[in-house]
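Before any comments, here is the structure.
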Amino acid sequence: MIKELKFNFNPFKEGLNHVLGTLEKDIIEVLWRRGEASVKDILDTFPDARSISYSTVITVTNRMTKKGLLKKRKMGKAYFYKPVYDREQFFEMVSKKVVEG
């Protein structure tokens with residue numbers, strides 16, 4: 001069973017930032033492209049100039065898992081994350097919630 005997604009809609013932001021923070025948006029976009037990735041894999045896609053720590057990405061991916069955006073599985077010592085919803089499902093659900101709200 002999929003947990004119901006909870007989010008706050010911010011009409012003053014653009015794109016995915018209407019409902020996700022900047023780092024959440026960047027993480028989900030990486031995972032939509034890759035399907036599944038570890039924190040290291042996610043971090044490696046960001047430009048070096050961005051200077052985001054490994055622990056920050058762990059914290060945000062774990063929060064996204066608790067929010068129902070991601071699933072995680074352990075493989076060896078690393079956790080791998082994958083989106084619960086594909087891009088189309090996510091936008092459909094968000095649009096529906098915004099209209100209902």
Side-chain angles (χ1 to χ4, degrees):
M1 184 173 150
I2 295 176
K3 183 179 173 180
E4 184 175 327
L5 181 64
K6 294 184 180 183
F7 62 87
N8 293 317
F9 181 79
N10 185 338
F12 302 106
K13 302 249 177 152
E14 292 185 21
L16 282 172
N17 287 123
H18 282 297
V19 292
L20 300 175
T22 303
L23 186 53
E24 288 177 325
K25 174 190 76 74
D26 294 342
I27 289 170
I28 198 85
E29 286 183 339
V30 167
L31 293 173
W32 280 334
R33 281 193 309 272
R34 296 185 67 142
E36 183 178 63
S38 68
V39 169
K40 182 185 179 325
D41 295 334
I42 294 167
L43 199 52
D44 287 346
T45 65
F46 298 150
D48 292 336
R50 186 134 181 220
S51 72
I52 296 172
S53 74
Y54 187 87
S55 62
T56 299
V57 177
I58 288 173
T59 299
V60 173
T61 52
N62 284 329
R63 285 182 184 162
M64 291 173 75
T65 301
K66 287 179 184 173
K67 287 181 180 181
L69 287 169
L70 304 178
K71 293 182 208 175
K72 77 176 180 178
R73 70 179 178 91
K74 190 169 186 175
M75 193 160 114
K77 292 183 179 182
Y79 283 97
F80 284 78
Y81 297 86
K82 70 187 276 182
V84 171
Y85 308 98
D86 65 26
R87 184 182 296 269
E88 185 177 308
Q89 291 170 323
F90 180 78
F91 283 112
E92 183 179 314
M93 184 181 46
V94 168
S95 298
K96 183 179 176 185
K97 291 286 186 187
V98 169
V99 170
E100 287 173 356

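Any value given below was found using the heavy atoms of this structure, including those in side chains, with hydrogens, waters and symmetry copies removed.
Note: the hydrophobic cluster containing Leu69 also contains Tyr79 (ILVMFWY, side chain heavy atoms under 4.5 Å, direct or indirect links).
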Would you sort out whether Val57 and Tyr54 count as a side-chain contact (heavy atoms from CB on, under 4.5 Å), showing the intermediate values? CA-CA 5 Å; Val57 177; Tyr54 187 87; over 6 Å; no

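No option in Ile28, Leu31, Thr59 other than Ile28 meets the side chain to side chain contact (heavy atoms under 4.5 Å, CB included) test with Met64.
Applying the side chain to side chain contact (heavy atoms under 4.5 Å, CB included) criterion to Thr45, with sequence neighbours excluded, gives Val30, Arg34. The side chain to side chain contact (heavy atoms under 4.5 Å, CB included) test applied to Ser51 returns no partner, not counting sequence neighbours. Among residues two or more places apart in sequence or in another chain, the salt bridge (Lys or Arg N to Asp or Glu O under 4.0 Å) test is passed with Asp44 by Lys40. Judged as a side chain to side chain contact (heavy atoms under 4.5 Å, CB included), and not counting sequence neighbours, the contacts of Gln89 are Tyr85, Asp86.
When only modelled atom types and interatomic distance are considered, Ser38 and Asp41 share a side-chain donor-acceptor pair under 3.5 Å.
Taking the charged nitrogens against the carboxylate oxygens, Arg33 and Glu29 have no contact shorter than 4.0 Å, which rules out a salt bridge.
Residue pairs meeting the salt bridge (Lys or Arg N to Asp or Glu O under 4.0 Å) criterion with at least one member in residues 46-60, sequence neighbours excluded: Asp26-Arg50. For residues 73-84, the salt bridge (Lys or Arg N to Asp or Glu O under 4.0 Å) pairs, not counting sequence neighbours, are Glu36-Arg73.
Annotation: the span from Phe46 atom CZ to Ile27 atom CD1 amounts to 5.0 Å, rounded to 0.5 Å. The CG atom of Asn62 lies 4.0 Å from the NZ atom of Lys72; values are rounded to the nearest 0.5 Å.
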